[in-house]
Structure formats: C-alpha cells, structure tokens
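Just so you know, these numbers use all the heavy atoms, side chains as well, and skip hydrogens, waters and symmetry mates.
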Amino acid sequence: MKITLLTVGKIKEKYWTMAIDEYKKRLGRYCTLEIIETADEKTPDNASDKEEQMIRDKEGERLAAKLKDNAYVIAMAINGKAYDSEGLAAHIDQLCIRGESHLVFIIGGSLGLSEHILKIADEKISFSRLTFPHQLMRVILLEQIYRCFRINHGEPYHK
C-alpha cells in the first residue's frame, strides 16, 4: 500500500518535523509513505471573501497538478465524514480489499481546500469540527494512519 500526504505549505518548525519523522519511521513497516508539499499563497490581513477564494483556487490548482489518476483521493475537510479510530481502520481495510493500492490524503492551507479539490476527491473525511493548524493536522493524520495499521494488524495501540 502506498500512502501520500499532499499538503499546502512547508513545515518550518523542528518539533513538527520531528513528530512527522517519527510517524514516517513507524509507518515504514506497513506502507510506503510519501509527503508532497505544494506552495501556499500569502493571505493578506482582512482579505475579502473573493481574495480568499482566489487563494484557495491557486493552491487547489497546485494540489490537482500533483494527483495521480490511479489514486484514491481523500480530502481532509471539516464537513467530511467523521470516523472513530476503529471505523477509520475498517474503512481503510475495505479500500485495500477492493483494490485501492494508493491513498492520497489532501490537507489544505490555512483557508482550507478549493471547491475543485473537494469535488474531485473520492471522499471527504473530518477528524473534528474544530479547525487545526495544517502543520498539526499532518501529525494527527499520520498518527491516525499508523493507528489504523496497528488495529488492522491486530497489534496493540494506545486507547
């Protein structure tokens, strides 16, 4: 199985990088992990709705350019389907059983994802109705993917 995190923006803080590296190492025994970062747009203070839409659209174009035709695309979106850890593990297991060998999880920038990305995604998943910084969302997502593999392999995980 191949897992790709397709994200907007770069990680600059060492503590986020260290956490991401730890989960990359842990996931190495279960899957091939790739993280692709695309450039983010500067958001001016007090940006209008139209300016924010233009920023999401530009970032969305960059994300869409990195998508592969054979990948199953999961957009991380606040209004997506919510799972508990066991439910997400079962869902990922079912995707594997039906032959999806490449899952791409998309994390947007500070303004979220463009409508285009949300429309072309095979599904939308939400981890919470709360808004998280996109850097932290990478760590949370990687931890949950790791937890899913542990659950699906019948291995212990922290509850």
- Query: Should V104 and I106 be marked as a side-chain contact (heavy atoms from CB on, under 4.5 Å) after you check the CA-CA gap, both sets of side-chain angles, and the distance that decides it?
  - Reply: CA-CA 6 Å; V104 176; I106 302 179; 4.1 Å; yes

- Query: Any ion pair linking E143 and R147 (charged N to carboxylate O, less than 4.0 Å)?
  - Reply: yes

- Query: More than 12 heavy atoms of other residues, nucleotides or ligands under 6.0 Å from CG of D84: is that the case?
  - Reply: yes

- Query: Any salt bridge between E51 and R56, counting N to O under 4.0 Å?
  - Reply: no

- Query: So, R62 side chain and T38 main chain: donor-acceptor pair closer than 3.5 Å or not?
  - Reply: no

- Quick check: does any side chain N or O of D122 sit under 3.5 Å from a backbone N or O of V73, one acting as donor and the other as acceptor? yes

- Establish, from distance only, whether the side-chain atoms of H91 and E123 form a donor-acceptor pair under 3.5 Å. yes

- E52 CD to S110 OG distance, which is reported to the nearest 0.5 Å: 8.5 Å

- Message: With a sphere of 6.0 Å drawn around NZ of K25, does it hold more than 12 non-hydrogen atoms of other residues, nucleotides or ligands?
- Response: no

- Are P156 and R150 close enough that some pair of their side-chain heavy atoms sits under 4.5 Å apart? yes

- For E59 and A39, work out which heavy atoms get closest and say how close. CG-O, 4.2 Å

- Query: If we ignore angles and hydrogens, is there a donor and acceptor under 3.5 Å between the side chains of Q144 and Y83?
  - Reply: no

- Would you check if I125 and M76 make a side-chain contact, meaning some heavy-atom pair closer than 4.5 Å? yes

- Is L95 reachable from I151 through a run of hydrophobic residues whose side-chain heavy atoms are each under 4.5 Å from the next? no

- So do I78 and L130 actually touch side chain to side chain, heavy atoms under 4.5 Å? no

- Message: Determine whether I145 and L5 satisfy the following criterion, side-chain contact (heavy atoms from CB on, under 4.5 Å), listing intermediate values before the conclusion.
- Response: CA-CA 11 Å; I145 293 169; L5 265 61; 4.2 Å; yes

- Query: So, N152 side chain and A89 main chain: donor-acceptor pair closer than 3.5 Å or not?
  - Reply: yes

- Message: Could you work out, with ring pair (Phe, Tyr, Trp, His ring centres under 6.0 Å) as the rule, every residue matching H153, not counting sequence neighbours?
- Response: Y30

Could you go through residues 131-142 and list every donor-acceptor pair under 3.5 Å that involves a side-chain atom there, pairing it with any protein atom two or more places apart or in another chain?
| unit_1 | atom_1 | unit_2 | atom_2 | d |
| --- | --- | --- | --- | --- |
| R138 | NH1 | E37 | OE2 | 2.7 |
| R138 | NH2 | T7 | OG1 | 3.0 |
| R138 | NH2 | G9 | O | 2.6 |

- Query: Can you check salt bridge (charged side-chain N to carboxylate O under 4.0 Å, His left out) on K119 and E115, steps first, answer last?
  - Reply: CA-CA 6 Å; K119 285 179 185 170; E115 284 302 314; 5.2 Å; no

- Is there a side-chain contact between I3 and F105 (heavy atoms, below 4.5 Å)? yes

- Do Y23 and R26 touch side chain to side chain, with heavy atoms closer than 4.5 Å? yes

- Quick one: pull up CG in D40 and CD1 in I55 and give me the separation to the nearest 0.5 Å. 9.5 Å

- Where do G108 and L113 come nearest, in terms of heavy atoms and distance? CA-CD2, 3.4 Å

- Message: Just verifying a value: how many Å separate T17 OG1 and K24 NZ, rounded to the nearest 0.5 Å?
- Response: 8.5 Å

- Task: Could you check if a side-chain atom of S126 sits within less than 4.5 angstrom of a side-chain atom of K81, using non-hydrogen atoms only?
- Result: no

- Message: With a sphere of 6.0 Å drawn around CE of M1, does it hold more than 12 non-hydrogen atoms of other residues, nucleotides or ligands?
- Response: yes

- Query: Going from NZ on K66 to CD1 on I36, what distance comes out if it is rounded to the nearest 0.5 angstrom?
  - Reply: 6.5 Å

- Are I20 and Y15 connected in the hydrophobic side-chain network, where two residues link if heavy atoms are under 4.5 Å apart? yes

- Task: May I ask you to say whether E100 pairs ionically with R98, meaning some side-chain N is under 4.0 Å from a carboxylate O?
- Result: yes

- Message: Any non-hydrogen side-chain atom of I35 less than 4.5 Å from a side-chain atom of L6?
- Response: no

- What's the spacing between F149 CZ and C96 SG if we round to 0.5 Å? 6.0 Å

- Smallest heavy-atom separation, I117 atom then G60 atom, equals CD1-O, 3.6 Å

- Find the distance between OH (Y72) and CD1 (I92) and round it off to the nearest 0.5 Å. 10.5 Å

- Item | Between D57 and Q53: side-chain donor-acceptor atoms closer than 3.5 Å | yes

- Message: Does any part of the side chain of D21, heavy atoms only, come nearer than 4.5 Å to the side chain of W16, both counted from C-beta?
- Response: no

- Task: Show your working on side-chain contact (heavy atoms from CB on, under 4.5 Å) between I120 and L67 and close with a plain yes or no.
- Result: CA-CA 10 Å; I120 64 172; L67 290 173; 3.6 Å; yes

